[in-house]
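Owing to the predicted nature of the structure, the values given are computational and were not obtained by experimental measurement.
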Amino acid sequence: MTTSTAKRRGNLKLPPKQLEELYVTMRRIRGFDEKVKELFEAGEVKGTAHSYVGEEAIAAAVGAVLNDDDYMASNHRGHGHCIAKGADLDRMMAELMGRDGGYCRGLGGSMHIADMDLNILGANGIVGAAMPLSCGAALASKLRGNGQVVVAFFGDGASNQGIFHESMNLASVWKLPMIFVCENNQYALSTSYRQTTSVPQVAERAGGYSMPGLTVDGNDVVEVFHVVQEAVEKARAGEGPTLIEAMTYRWGQHSMRANLRDPRPEDEYDAWMKRDPLKLTEQEMVKSRGTTKKRIGQIGEAADAELETAISFGRESAEPTLNVIDTAVYAPHIAHKEPGAASTERQLSFTEALNEALHQEMARDSDVLLMGEDVGATGGIFQVSKGLMDAFGEERVRDTPISEATFTGCGVGAAIAGLRPVVEIQIFDFVALTMDMLVNQAAKFRFMLGGKNTVPLVVRGPQGGGIRMAAQHSQSLEAWFTHVPGLVVVAPSTPYDAKGLLVAAIRDDNPVIFTETKMLYQTSNGPVPEELYAIPIGKADIKREGTDVTVVATMAMVPRVLSVAQQLQRSEGISVEVIDPRTLRPLDEETILNSVRKTNRLVIAHEAWQNGGFGAEVAAMVVEKAFDDLDAPIVRCGALDVPMPYNDELERAVIPSQERIAEAIRSVF
């Protein structure tokens with residue numbers, strides 16, 4: 001449903017004191033962004049910034065309704081949102097100046113200011129990203145039952161992104177305590193929303209997701225306050241989300257750096273300037289006889305003085321040094337003790353080992369939850385989550401809509417809010433749909449906040465070929481993620497490693513990409529202790545000792561290489577040392593280099609494409625650090641540089657076979 005602004009306006013009032021408090025916030029926001037523009041033009045604020053001038057009533061009203069422990073997620077035009085939630089102007093200004101005294105120690109800048117002490121999930125430079133992250137924080141609140149609500153701010157442009165619709169659907173299906181606030185300033189960069197949006201009002205889209213949709217006058221702080229208050233009360237009572245579209249107008253261009261011709265019609269611009277939200281509020285304050293013009297002037301003077309102090313603080317703050325980067329990318333890994341080889345006769349499959357790890361870790365830690373497509377009652381298409389819903393219920397084992405970007409983003413948000421989500425990608429090729437949430441959000445969140453926060457998230461699922469699923473369901477994509485600072489990449493090859501590494505991944509405070517190989521689901525069985533154990537992240541395993549050649553193998557190639565090594569030892573007397581990195585990022589360089597210095601030869605085998613594969617990184621590392629120890633060129637053995645074919649004979653020809661691996665090993669002699 002959509003409620004017109006004209007119908008709502010006339011009978012809404014606020015006590016004079018409360019109205020003045022809203023005005024104080026608006027005046028602080030206005031003054032802050034006016035000063036930022038001056039500083040940008042003077043070269044003290046670099047890069048860019050996005051002014052909130054003209055939209056102050058929305059943030060002020062929302063901030064006044066929220067409790068201190070409620071969450072807020074913002075967008076690139078987020079200064080006003082942060083100020084309204086209580087952010088410190090000194091630290092905000094220092095951040096915009098790129099100083100160590102800023103909220104993010106100069107690593108985030110204007111578009112990434114956040115303060116988890118205030119449950120501000122952060123401004124965000126990616127359009128619409130606040131919505132799935134907010135879903136995650138709202139899920140954390142719902143599971144904990146603590147009454148927290150979450151507000152996600154976004155613009156009219158973001159309402160045309162798929163992630164808007166996916167997030168609305170997920171929030172509605174799960175009845176999350178969320179308020180979607182669309183600040184419709186009517187232009188996405190320079191294009192009118194009338195030219196790009198299929199409905200007259202964004203709020204009309206709420207009907208498709210069984211939630212209330214309300215259009216309000218975003219320049220009327222009283223109206224926004226009342227409408228948001230009602231939505232927050234509804235969310236807090238467990239009645240689910242609301243979409244609020246606040247009609248407003250930004251005074252400046254999209255960005256202070258835009259330097260584009262302003263396409264907005266002059267008469268439209270002038271009409272909105274006459275509806276300045278600060279002037280409208282001042283008129284209401286004087287009309288209610290709760291505030292005098294003199295008092296309004298005093299409020300302005302106090303705001304200006306506060307801003308001068310903030311500017312001085314920013315200027316006096318030190319420049320960050322390279323030392324800040326050293327600890328900003330990754331949270332420290334837990335120093336698990338290497339459990340050693342499995343001393344048990346109990347045999348589990350790769351799938352059973354993963355399942356046992358999830359069972360035991362979810363029983364140990366109530367913050368661990370699993371979400372993904374069909375992970376619940378059916379146990380997933382490869383049965384990794386079999387029995388988990390029966391053991392832990394539908395709240396902690398959650399079947400999701402088919403919307404990978406959003407349920408992965410929900411996992412990121414839930415991790416930021418303190419849970420430990422395990423997100424299953426049903427077939428890992430579909431991870432391409434999640435790349436923004438993984439690469440731009442999960443991997444960078446800690447860094448953009450100056451190294452102060454954690455994202456304890458695991459994203460796992462089956463990759464690779466060997467079971468006739470053709471080109472879009474058979475890729476090995478681990479190299480994509482090893483390229484991204486902030487992500488941990490785990491690649492087990494045995495059931496024993498799979499259990500211990502998954503436990504370690506869940507306990508780690510960083511986002512972990514946990515890759516599982518479909519061929520190992522079917523063929524790998526091995527000893528797995530029943531007790532709970534964790535294998536250190538970043539520690540390789542010598543699967544077989546040898547003296548003549550080192551073979552670094554990953555995942556499904558490890559058992560193939562071990563078989564080849566046994567054959568070559570028996571038939572040709574070649575002693576092969578087999579190194580399984582187990583984690584690709586961080587990589588245990590020391591174990592690989594020590595082996596190469598002993599054998600003087602190196603072969604690298606992986607299922608992924610040879611061209612651009614992870615083997616190239618290993619080869620480069622060895623050439624840079626142990627070139628003088630090599631007696632032969634390094635040889636890589638990977639998949640042929642083609643998409644995976646469906647035909648079984650062709651598929652076997654594409655994936656490195658034992659024969660190809662053996663030939664690669666022979667070639668270094």
Side-chain angles (χ1 to χ4, degrees), residues 348-354 381-384 425 427-429 431 460-471 473-482 489-502 513-526 528 535 540-544 551-567 576 578-584 603-615 618 636-645 648-665:
L348 293 184
S349 69
F350 202 90
T351 300
E352 290 168 337
L354 292 169
I381 61 173
F382 292 103
Q383 297 294 286
V384 171
I425 307 297
I427 301 291
F428 219 65
D429 306 64
V431 80
R460 50 154 294 272
Q463 70 163 11
I467 62 171
R468 319 286 108 71
M469 294 184 75
H473 288 65
S474 304
Q475 297 167 99
S476 296
L477 302 172
E478 66 274 7
W480 284 5
F481 301 104
T482 61
V489 183
V490 177
S493 68
T494 68
Y496 174 78
D497 289 345
K499 177 180 175 178
L501 285 169
L502 183 53
I513 308 299
F514 195 93
T515 56
E516 303 157 15
T517 306
K518 291 195 283 288
M519 284 193 291
L520 293 178
Y521 283 168
Q522 295 190 322
T523 62
S524 179
N525 288 276
V528 179
I535 292 174
D541 188 32
I542 302 173
K543 295 297 187 190
R544 176 188 173 101
V551 180
V552 174
T554 63
M555 295 177 281
M557 293 300 103
V558 173
R560 292 191 179 190
V561 168
L562 287 170
S563 179
V564 169
Q566 187 176 21
Q567 294 171 15
V576 180
V578 182
I579 306 293
D580 178 1
R582 299 196 295 193
T583 59
L584 308 184
V603 173
I604 305 162
H606 53 61
E607 184 182 344
W609 295 299
Q610 182 167 307
N611 187 19
F614 182 68
V618 176
R636 292 176 292 150
C637 186
L640 302 182
D641 199 24
V642 297
M644 195 66 72
D648 54 350
E649 292 294 332
L650 292 176
E651 183 181 44
R652 279 190 285 271
V654 167
I655 299 172
S657 63
Q658 291 189 25
E659 291 76 14
R660 279 177 56 198
I661 294 168
E663 185 56 37
I665 293 172

For the pair Arg544 (side chain) and Val578 (backbone), establish whether a donor and an acceptor sit closer than 3.5 Å, ignoring hydrogens and angles.
no

Donor-acceptor pairs under 3.5 angstrom involving side-chain atoms of residues 460-468: please list them, not counting sequence neighbours.
{"from": "Arg460", "atom 1": "NE", "to": "Glu516", "atom 2": "OE2", "distance (Å)": "2.6"}
{"from": "Arg460", "atom 1": "NH1", "to": "Glu424", "atom 2": "OE1", "distance (Å)": "2.7"}
{"from": "Arg460", "atom 1": "NH2", "to": "Glu424", "atom 2": "OE1", "distance (Å)": "3.4"}
{"from": "Arg460", "atom 1": "NH2", "to": "Glu516", "atom 2": "OE1", "distance (Å)": "3.1"}
{"from": "Gln463", "atom 1": "OE1", "to": "Leu477", "atom 2": "N", "distance (Å)": "2.9"}
{"from": "Gln463", "atom 1": "NE2", "to": "Glu478", "atom 2": "OE1", "distance (Å)": "2.8"}
{"from": "Arg468", "atom 1": "NE", "to": "Glu651", "atom 2": "OE1", "distance (Å)": "2.5"}
{"from": "Arg468", "atom 1": "NH2", "to": "Gly466", "atom 2": "O", "distance (Å)": "3.4"}
{"from": "Arg468", "atom 1": "NH2", "to": "Glu651", "atom 2": "OE1", "distance (Å)": "2.9"}

Locate the shortest heavy-atom distance separating Leu501 from Pro492; write the atom from each residue and the value.
CD1-CB, 3.9 Å

Output for pair (Met644 CE, Leu650 CG), nearest 0.5 Å, gives 11.0 Å

Would you confirm whether Lys518, through its side chain, and Phe382, through its main-chain N or O, come within 3.5 Å as a donor-acceptor pair?
no

Got a sec, which residues hit side chain to side chain contact (heavy atoms under 4.5 Å, CB included) with Glu649, two or more places apart in sequence or on another chain?
Asn647, Arg652

Those residues that, when tested against Glu352, pass side chain to side chain contact (heavy atoms under 4.5 Å, CB included) (two or more places apart)
Leu348, Ser349

Quick one: closest heavy-atom pair of Ala471 and Pro643, and the distance?
CB-CB, 3.9 Å

Could I get the full list of side chain to side chain donor-acceptor pair (under 3.5 Å) partners for Gln658, not counting sequence neighbours?
Ser563, Gln567

Of Glu607, Met555, Met557, which is the lone residue that meets side chain to side chain contact (heavy atoms under 4.5 Å, CB included) with Ser476?
Glu607

Identify, with sequence neighbours excluded, every residue that meets side chain to side chain contact (heavy atoms under 4.5 Å, CB included) alongside Ser493.
Asp497, Lys543, Val558, Asp580

Of all heavy-atom pairs between Pro645 and Val654, which one has the smallest distance, and what is that distance?
CD-CG2, 3.6 Å

Hey, are the side chains of Phe481 and Thr515 touching, using non-hydrogen atoms and a 4.5 Å cut-off?
no

Whether the side chain of Arg660 engages the backbone of Gly638 through a donor-acceptor N/O pair (distance < 3.5 Å, no angle test) should be reported.
yes

What distance separates Glu659 CD from Arg560 CZ, expressed to the nearest 0.5 Å?
9.0 Å

Looking only at heavy atoms, the pair that brings Val603 and Ile665 closest together is CG2-CA, 4.0 Å

Going by heavy atoms in the side chains, are Val384 and Tyr521 under 4.5 Å from each other?
yes

Ring pair (Phe, Tyr, Trp, His ring centres under 6.0 Å) partners for Tyr496, two or more places apart:
Tyr533

His606 (side chain) donor-acceptor with Gly615 (main chain) under 3.5 angstrom:
yes

Under the side chain to side chain contact (heavy atoms under 4.5 Å, CB included) test, which residues partner Ala479, sequence neighbours left out?
Thr482

Do Met519 and Ile655 come within less than 4.5 Å of each other through their side chains, counting heavy atoms only?
yes

Quick one: CD on Gln475 to CG on Asp429, what's the gap to the nearest 0.5 Å?
4.5 Å

Nearest 0.5 Å please: distance from the CD1 atom of Ile579 over to the CD1 atom of Ile604.
12.0 Å

For Asn611, look at atom CG and say whether over 12 heavy atoms of other residues, nucleotides or ligands are found less than 6.0 Å away.
no

Looking at every heavy atom in both Cys637 and Ala664, which two are closest together, and how far apart are they?
CB-CB, 4.3 Å

Measuring from Leu584:CG to Ile513:CD1, what's the distance to the nearest 0.5 Å?
11.5 Å

Atom pair CG/OG1 of Asn525 and Thr351 - distance to nearest 0.5 Å:
9.0 Å

Are any of the side-chain heavy atoms of Ile427 and Ile381 separated by less than 4.5 Å?
yes

Taking every heavy atom of Ala540 against every heavy atom of Arg582, the minimum-distance pair comes out as O-NH2, 3.7 Å

